[in-house]
Amino acid sequence: MTDLAERRGVETDVYQPAEDSHLLATVAAEQVGQDDLVLEVGTGSGYVAEHVATESGARVVASDLNPHACRSARERGVETVRADLVSPFRDDAFDAVLFNPPYLPTDESEAWDDWMEVALSGGETGRAVIDPFLRAVGRVLAPDGRVLLLVSSLTGVDEVVDTAATEGFSAAALRDESYPFESLTVLKLLR
Amino acid sequence: MKESLLDIICCPLDKADLELEVDEREGEEILEGSLTCTDCGETYPIEDGIPNLLPPDMREAA
């Protein structure tokens with residue numbers, strides 16, 4: 001799990017659940033109540049959305065840019081919308097928004113132009129998708145809503161917390177896990 | 001998609017309400033149909049139960 005090429009493996013259409021997915025799914029299931037309306041952005045296989053819905057009893061809607069991911073999530077019984085981040089969701093709609101973003105820093109020379117790159121690559125900084133997400137997510141959050149965002153040490157947790165702060169969020173780390181080449185953190189963002 | 005999703009989704013361009021047209025339904029699930037923005041008139045397809053709410057300029061590229 002050191003770089004994109006290794007992560008990529010043989011799967012080229014839909015990112016399959018890995019350590020990051022399990023960590024977000026576990027923490028989110030503890031944070032979400034059965035009366036909450038939840039959005040998972042970039043659901044991929046649909047694993048996190050399905051796990052959270054099953055464990056918490058909450059209604060979980062999922063979105064993804066990738067049509068293969070949308071089909072995969074729907075096959076798991078998840079309500080799925082093909083979307084760019086949060087753009088087709090109503091103002092103040094969600095009690096919680098979950099996101100395991102594409103976060104690996106990538107050179108342009110590493111581009112492969114397939115769905116797995118879209119699922120993994122966070123551009124040069126690793127934050128090419130996280131930053132626009134942070135700018136947009138506040139609109140769809142209910143007044144006391146929260147964001148649960150998975151961030152890797154490769155992406156820079158401090159930088160993500162700073163950007164979140166400029167968008168009016170305070171951040172708390174709910175869980176950290178260390179792996180040989182990165183540590184993963186689930187951030188809870190509140191306004 | 002379920003009809004109750006209409007309370008959660010909106011036009012990705014102007015955030016206005018969407019009007020549902022159903023072509024094929026299976027129980028609660030709408031399998032085929034379309035969603036049309038009540039403000040700008042842009043139409044979004046529902047295919048295999050999944051609404052495609054990408055903005056029109058991303059539909060081809062993605």
Side-chain angles (χ1 to χ4, degrees), chain A residues 13-14 36-43 46 49 53 58-97 102 113-119 129 132 136 138-142 145, chain B:
Chain A
D13 280 344
V14 181
D36 285 343
L37 180 59
V38 181
L39 173 67
E40 191 198 2
V41 174
T43 192
R59 182 178 183 188
V60 183
V61 174
S63 78
D64 207 293
L65 189 63
N66 173 352
H68 308 288
C70 289
R71 280 194 287 275
S72 167
R74 188 170 182 273
E75 279 164 19
R76 287 178 183 263
V78 176
E79 285 185 86
T80 306
V81 177
R82 190 164 175 212
D84 177 33
L85 298 174
V86 300
S87 66
F89 298 102
R90 289 180 185 249
D91 293 5
D92 305 332
F94 297 103
D95 301 298
V97 176
D113 255 359
D114 65 19
W115 284 115
M116 204 43 49
E117 182 192 359
V118 175
V129 182
R139 183 184 63 82
V140 301
L141 273 184
Chain B
M1 62 166 273
K2 292 185 176 66
E3 204 159 335
S4 60
L5 199 63
L6 287 172
D7 297 336
I8 299 170
I9 56 178
C10 60
C11 176
L13 300 175
D14 53 28
K15 319 302 177 197
D17 289 356
L18 296 167
E19 198 175 285
L20 171 68
E21 194 178 302
V22 179
D23 292 332
E24 190 187 341
R25 191 189 281 268
E26 191 181 279
E28 274 199 315
E29 280 284 307
I30 295 146
L31 295 179
E32 304 289 330
S34 64
L35 295 159
T36 302
C37 178
T38 53
D39 193 33
C40 70
E42 184 65 44
T43 292
Y44 304 91
I46 304 167
E47 292 167 345
D48 298 326
I50 300 166
N52 181 348
L53 290 174
L54 289 179
D57 64 334
M58 290 182 73
R59 243 182 250 160
E60 297 309 315

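Proteins get letters first, then strands, A, B, ... in listed order; numbering begins at 1 in each.
From A:Cys70, atom SG reaches atom CG of B:Asp48 across 11.0 Å, with rounding to the nearest 0.5 Å.
The two atoms that bring A:Ala83 and B:Leu54 nearest to each other are C-CD2, 3.5 Å, heavy atoms only. Smallest separation of non-hydrogen atoms from B:Cys10 and A:Ser87: SG-O, 4.3 Å. In this structure, B:Leu53 and A:Pro88 approach most closely via the heavy-atom pair CB-CB, 3.6 Å.
Panel note: side chain A:Arg90, backbone B:Asp7; a donor-acceptor pair is recorded below 3.5 Å. Checking side-chain atoms of B:Lys15 against main-chain N and O of A:Phe89 turns up no donor-acceptor pair under 3.5 Å.
In this structure, chain B has a heavy atom under 4.5 Å from the side chain of A:Leu37, while its backbone stays farther away. For a residue to count as touching a neighbouring chain, one of its non-hydrogen atoms must lie under 4.5 Å from one of that chain's; by this rule A:Val61 touches chain B with the side chain only. B:Leu6 touches chain A through its backbone: at least one of N, CA, C or O sits under 4.5 Å from a heavy atom, while the side chain does not. The contact between A:Arg59 and chain B is made entirely by side chain atoms (from C-beta outward), counting heavy-atom distances below 4.5 Å. Only the side chain of B:Glu29 comes within less than 4.5 Å of a heavy atom of chain A; its backbone N, CA, C and O stay farther away.
Chain A forms more heavy-atom pairs under 4.5 Å with one residue of B:Ile46, B:Ile8, B:Leu5, B:Ile50 than with any other, namely B:Ile8. Ranking B:Leu13, B:Ile9, B:Asp17, B:Leu18 against chain A, the residue ahead of the rest is B:Ile9, based on heavy-atom pairs under 4.5 Å.
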